[in-house]
Amino acid sequence: MYSTKISIKGVDAARKFVSMTAKYPKIKITLNHNEYSIDAHSIIGILSLDLTKPILLEAEGDDMDAFIEDLKPFTV
């Protein structure tokens, strides 16, 4: 399992993040913030989080190297 802190600053960044995660449907990507745990493929779920603070991302599945590379613009 891979985990890191990410930052999503606003609606446009959330849209870009979800577009990026859509390229990896076989990877289970979860965002955990306070008591909430949401599917990172869901823009509605992401927008329900407090985007002013870093968010813990956990991911597992195939093709993790490419995913981690695409994730770099969002890592804290």
Side-chain angles (χ1 to χ4, degrees):
M1 168 151 338
Y2 174 78
S3 86
T4 189
K5 293 273 187 168
I6 64 164
S7 178
I8 300 173
K9 302 285 186 184
V11 176
D12 288 335
R15 190 177 13 241
K16 289 176 186 175
F17 180 79
V18 171
S19 292
M20 185 273 295
T21 63
K23 297 185 332 187
Y24 304 98
K26 294 184 179 180
I27 297 178
K28 181 181 180 193
I29 310 166
T30 306
L31 299 179
N32 299 300
H33 187 63
N34 295 333
E35 69 274 6
Y36 299 105
S37 180
I38 60 113
D39 180 358
H41 295 98
S42 166
I43 194 157
I44 300 291
I46 291 170
L47 293 176
S48 71
L49 299 174
D50 179 1
L51 300 179
T52 64
K53 297 180 177 145
I55 301 164
L56 176 65
L57 177 140
E58 294 179 336
E60 64 181 309
D62 300 330
D63 202 17
M64 290 296 293
D65 292 336
F67 170 70
I68 292 168
E69 187 64 32
D70 283 349
L71 185 63
K72 283 185 179 180
F74 300 98
T75 55
V76 176

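In what follows, every heavy atom counts, from backbone to side chain, and hydrogens, waters and symmetry copies are set aside.
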Could you report the tightest heavy-atom contact between [X] and [Y], atom names first, then the distance?
X   : Y   : answer
S37 : T30 : OG-CG2, 3.0 Å
I27 : A59 : CG2-CB, 3.9 Å
I8  : I46 : CD1-CG2, 4.0 Å
M20 : L71 : CE-CD1, 3.9 Å
I6  : V76 : C-CG2, 3.5 Å
A14 : L47 : CB-CD2, 3.9 Å

Got a second to check how far [X]'s [atom1] is from [Y]'s [atom2], nearest 0.5 Å?
X   : Y   : atom1 : atom2 : result
I29 : F67 : CD1   : CZ    : 4.0 Å
K23 : D63 : NZ    : CG    : 9.5 Å
M64 : M1  : CE    : CE    : 9.0 Å
K5  : N32 : NZ    : CG    : 9.5 Å
L49 : I38 : CG    : CD1   : 4.5 Å
E60 : K28 : CD    : NZ    : 6.5 Å

Worked verdict on F17 versus L31 for side-chain contact (heavy atoms from CB on, under 4.5 Å): CA-CA 12 Å; F17 180 79; L31 299 179; 4.2 Å; yes
Partner residues of S3 under the side chain to side chain contact (heavy atoms under 4.5 Å, CB included) criterion, sequence neighbours left out: L56, E58
With distance as the sole test, does [X] use its side chain to make a donor-acceptor pair with the main-chain N or O of [Y] at under 3.5 Å?
X   : Y   : value
Y24 : A66 : yes
H41 : T21 : yes
N34 : Y36 : no

Any chance CG of D50 has more than 12 other-residue heavy atoms, nucleotides or ligands included, within less than 6.0 Å? yes
